[in-house]
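Okay, structure first, notes after.
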Amino acid sequence: MTGTTGTAAWPRCGRPEGGEPCPGRKVDPYPACLAHLDDTDRAAHLATLSPGADLDHRGTPLTQDLLDELLAPLRAPGTGRARVGRADFDAVRFSGEAEIRDVGFDGYCSFTSAVFDAGLYLEAVRTGGDLRLDSAHVAGDLWLDDCEVDGDAWFPKARVDGALRFCGRKVGRSAVFRDLTCAEARVEGVDFERGADFTGLRVTGTAGFDGAHFLNGAACFDRADIGGDMPFDGARFDANATFEDATIGGDLSFVDAAARADVCFRRTVFRRTAVIGPLVCPGTVDFSDAVFETAVTLEVAAKKVRCVRTRWASTAALRLRYADVDLTDATPAFPVSVVGRPRPFVSPAGDEIAEPGLARKQVGVVSVKGVDAAYLMLADVDLTRCLFVEAVHLDQLRLEGRCRLAEPPGGPRWIRRRTLAEEHHWRATRYRGWTPAPDHGRHDPDVLAPVYRQLRKALEDGRNEPGAADFYYGEMEMRRHSDSASRGERTLLWLYWALSGYGLRAARALAWLLLAMTATVFAMMLWGLPKGDPDPVSEGTSDGRRITLTTKKPTPVNPDGAYSRRISGERFEKSLRVVANSVIFRASGQDLTTTGTYVEMTARLVEPGLLALAVLAVRSRVKR
């Protein structure tokens, strides 16, 4: 590899050049560099060159005419294509535009610390070794068209005042563009065989990577600062693509791009980004600690989407497919919607974008811990594994469309209802069939009851009474199992649960009502109805002018005899009439024994309440 610039040891020309001694390398065996040789010596030197010769003109001031003159003896007579062995142009200074066309370098080609007063244009150039422009300064454009580099392509700390255009064929080994600066960048159609490193890339305008293929290595854009759009249409990422700590001023487009690993935007700042995507990734797309300064739409189909501690300074719409979304500690300052998209994304031409490597499933939100849910809307997502504890303003969370929550295990013991994942974690420590907690642990009923209460209010405010009923049931369950509740409160809640499922299970209340009515009927038949209906007895006196009558009703006589004789059709009909009237708070008018009177009083207190609980349960399921 070539030497370095500055104090690098090469025999210097020393001729006056702009008031300073010329730093150009002497051309052996002459005392001056190529630029300062007289015509006779230069011609003699060029006559010694032939295709495949090495070139070493470090520090030499060059012009296009001098460069053409240098390459002329290296060109094949039939094709006109020059062939160079190794080429070392470190620290050269090109006056005017520099064009290198139809040249093949068998070894490396180095322009380290070179200065180009205008543009540099490499066209149809093939480098068998490395191509280096370390710390080079190009005052105009830098174009590499139809170029092929078998070795490394090194452009670290290069400065291009104009546009960088790299539309080559391939880079065989590593491609390094660290801390490169330019006005615009177009890196299109290049196969980077071992990935590419654009760490610290600074582009004031658009940076396009359409059709670039990052093969067998990562595509690194960490700390990049892009002023405009950054399209990757048709790009291919075989390994991870990272944009950590980058700043992106425009849109990111990934139409027809193929990502086969993770894409990371951690701590990235999106200044004026309106659209990101559609991005298809079989791995994880990570926006953790990213900042969105303006309204943005994210279109992503991925296995996972991480938005941990992500900050949205404006509205955001996340249109997702298949992904498990983690919103832990995200901080939305304006409304943010997370929507599961049912149909594939489409290209500008209207074609559906392929989604290889992704399992077909509903978008799932796995955590909203630490989120201010007042600005959050979830639509058509799976919440069966979502963690809600530690979120704030859950009573203002909006749940739209078909949002699925976890259900209890199957079997007759557990009724069907929508439950939180955290309730599963708590119950799994006591009962089989419930989902155990992952590594982050579980929460007690004291913590879960307020979460259910806030979610219930959120659905009630959204006029979703049937959905809110399940959250009310969960709230009451957590209160019933709470260690902080008094024994009397837990007993009362247990009775409320046993009789009617907290006023939400009509079948349970009707079953108790039927059982109570049946028991009342039998009690009336056995003890409540008298032996016979007593007839009124009238007694009176007559004093010759006036008759005085007093009517008395004898006290009902308790039934006697065997119980089997007391159970008859007539007595059943009378008992049923008494019970039916008791349910609707009406007096039956039937003569009763003392026991029957108290049984009727109890029935008139209990049975209408059970009927009311059944009506309330039905109402909670049909109310809109």
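Count residues from 1 along the sequence.
- Residue pairs meeting the side chain to side chain donor-acceptor pair (under 3.5 Å) criterion with at least one member in residues 300-313, sequence neighbours excluded: D289-R309.
- Note that OH of Y108 and CZ of R86 are 4.5 Å apart. Values are rounded to the nearest 0.5 Å.
- For D197 (side chain) and T199 (main-chain N/O), a donor-acceptor pair under 3.5 Å exists by modelled atom type.
- When all heavy atoms of H36 and C13 are compared, the closest pair comes out as ND1-SG, 3.7 Å.
- A donor-acceptor contact shorter than 3.5 Å links the side chain of Q362 to the backbone of R402.
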Which is it for D150 and R126 under the salt bridge (charged side-chain N to carboxylate O under 4.0 Å, His left out) test, yes or no, and what are the steps along the way? CA-CA 8 Å; D150 289 342; R126 182 183 184 278; 2.5 Å; yes
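- Here the shortest heavy-atom pairing between G208 and E188 reads O-CG, 4.2 Å.
- Rounding to the nearest 0.5 Å gives a distance of 8.5 Å between CZ of R223 and CZ of R178.
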R25 and H57: CA distance, side-chain angles, deciding distance, side-chain contact (heavy atoms from CB on, under 4.5 Å) verdict: CA-CA 6 Å; R25 189 185 192 284; H57 296 283; 5.9 Å; no
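- Other residues, nucleotides and ligands place no more than 12 heavy atoms under 6.0 Å from the CZ atom of R271.
- By the 6.0 Å contact criterion, CZ on R341 is enclosed, its count of non-hydrogen atoms from other residues, nucleotides or ligands being greater than 12.
- Put simply, the side chain of K361 gets close to the backbone of Y322: a donor and an acceptor are under 3.5 Å apart.
- Residues D380 and G401 approach most closely at OD1-CA, 3.4 Å, considering heavy atoms.
- Side-chain atoms of D65 and T63 include no donor-acceptor pair closer than 3.5 Å.
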Checking side-chain contact (heavy atoms from CB on, under 4.5 Å) for the pair E69/L46: CA distance, chi angles, key distance, verdict? CA-CA 8 Å; E69 189 177 354; L46 295 177; 3.5 Å; yes
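- Within the model, atoms CG of D229 and CZ of R272 stand 9.5 Å from one another, a figure rounded to the nearest 0.5 Å.
- Salt bridge D28/K26: absent, no basic N to carboxylate O contact under 4.0 Å.
- N240 places no side-chain N or O within donor-acceptor distance of the main-chain N or O of T242, the cut-off being under 3.5 Å.
- Proximity of V255 to P278: side-chain heavy atoms (C-beta onward) are separated by under 4.5 Å at one or more points.
- One distance of note links CG of L383 with CZ of R404; it measures 9.5 Å at 0.5 Å rounding.
- The closest side-chain donor-acceptor pair between T247 and D225, if any, does not fall under 3.5 angstrom.
- Put simply, the side chain of L122 reaches to within 4.5 Å of the side chain of L120, judged on heavy atoms.
- Contact annotation: the side chain of T204 never approaches that of R202 to less than 4.5 Å [non-hydrogen atoms, C-beta and beyond].
- The side-chain heavy atoms of E99 and Q64, taken from C-beta on, include a pair separated by under 4.5 Å.
- In this structure, CG on L142 lies 10.0 Å from CZ on F111, to the nearest 0.5 angstrom.
- Using a 3.5 Å distance cut-off with no hydrogens or angles, the side chains of S110 and D90 do pair a donor with an acceptor.
- Annotation: side chain of L164 is not in contact with side chain of E184 (no heavy-atom distance under 4.5 Å).
- Using a 4.5 Å heavy-atom threshold, the side chains of F94 and L67 count as touching.
- Under a 3.5 Å cut-off, the side chain of D286 and the backbone N or O of R266 do not form any donor-acceptor pair.
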Could you go through the side-chain contact (heavy atoms from CB on, under 4.5 Å) check for V84 and V103 one step at a time? CA-CA 7 Å; V84 183; V103 178; 3.9 Å; yes
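- Contact detail for F345 and R319: the closest heavy-atom pair is CZ-O, 3.4 Å.
- Using modelled atom types, one side-chain atom of R42 and one backbone atom of L34 make a donor-acceptor pair closer than 3.5 Å.
- Shown here for L66 and P61, the closest heavy-atom pair between the two residues is CD2-O, 3.9 Å.
- The CZ atom of R194 sits 10.5 Å away from atom NZ of K170, with the distance rounded to the nearest 0.5 Å.
- Between F270 and F287, the ring planes lie tilted relative to each other; the angle falls in the 30° to 60° range.
- For the ring-ring contact (aromatic ring centres under 6.0 Å, His included) with F198, the lone residue among F155, F221, F166 that qualifies is F221.
- Here the side chain of R81 pairs a donor or acceptor atom with the backbone of A124 at under 3.5 angstrom.
- Checked options F232, F243, F254; the residue passing with F209 is F232 (criterion: ring-ring contact (aromatic ring centres under 6.0 Å, His included)).
- Atom CZ of R173 has more than 12 heavy atoms from other residues, nucleotides or ligands within 6.0 Å.
- In this structure, a donor-acceptor pair under 3.5 Å is absent between the side chains of H213 and D238.
- When only modelled atom types and interatomic distance are considered, R385 and S367 share no side-chain donor-acceptor pair under 3.5 Å.
- Taking both residues in full, the closest heavy atoms of I353 and S347 are given as CG1-N, 3.9 Å, listed atom of the first, atom of the second, then distance.
- When atom types are taken as modelled, the side chain of R321 and the backbone of R343 share a donor-acceptor pair closer than 3.5 angstrom.
- You'll find the side chain of L70 reaches within 4.5 Å of the side chain of L49, heavy atoms only.
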Under the side-chain contact (heavy atoms from CB on, under 4.5 Å) rule, what do L327 and L376 come out as? Steps first, then yes or no, please. CA-CA 10 Å; L327 298 171; L376 187 60; 4.2 Å; yes
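- Around atom OH of Y375, no more than 12 heavy atoms belonging to other residues, nucleotides or ligands sit under 6.0 Å away.
- Checking side-chain atoms of T127 against main-chain N and O of C109 turns up no donor-acceptor pair under 3.5 Å.
- In this structure, I276 and F292 have side chains that are in contact, with non-hydrogen atoms separated by less than 4.5 Å.
- With hydrogens and angles disregarded, a donor-acceptor distance shorter than 3.5 Å links the side chain of D251 to the backbone of A274.
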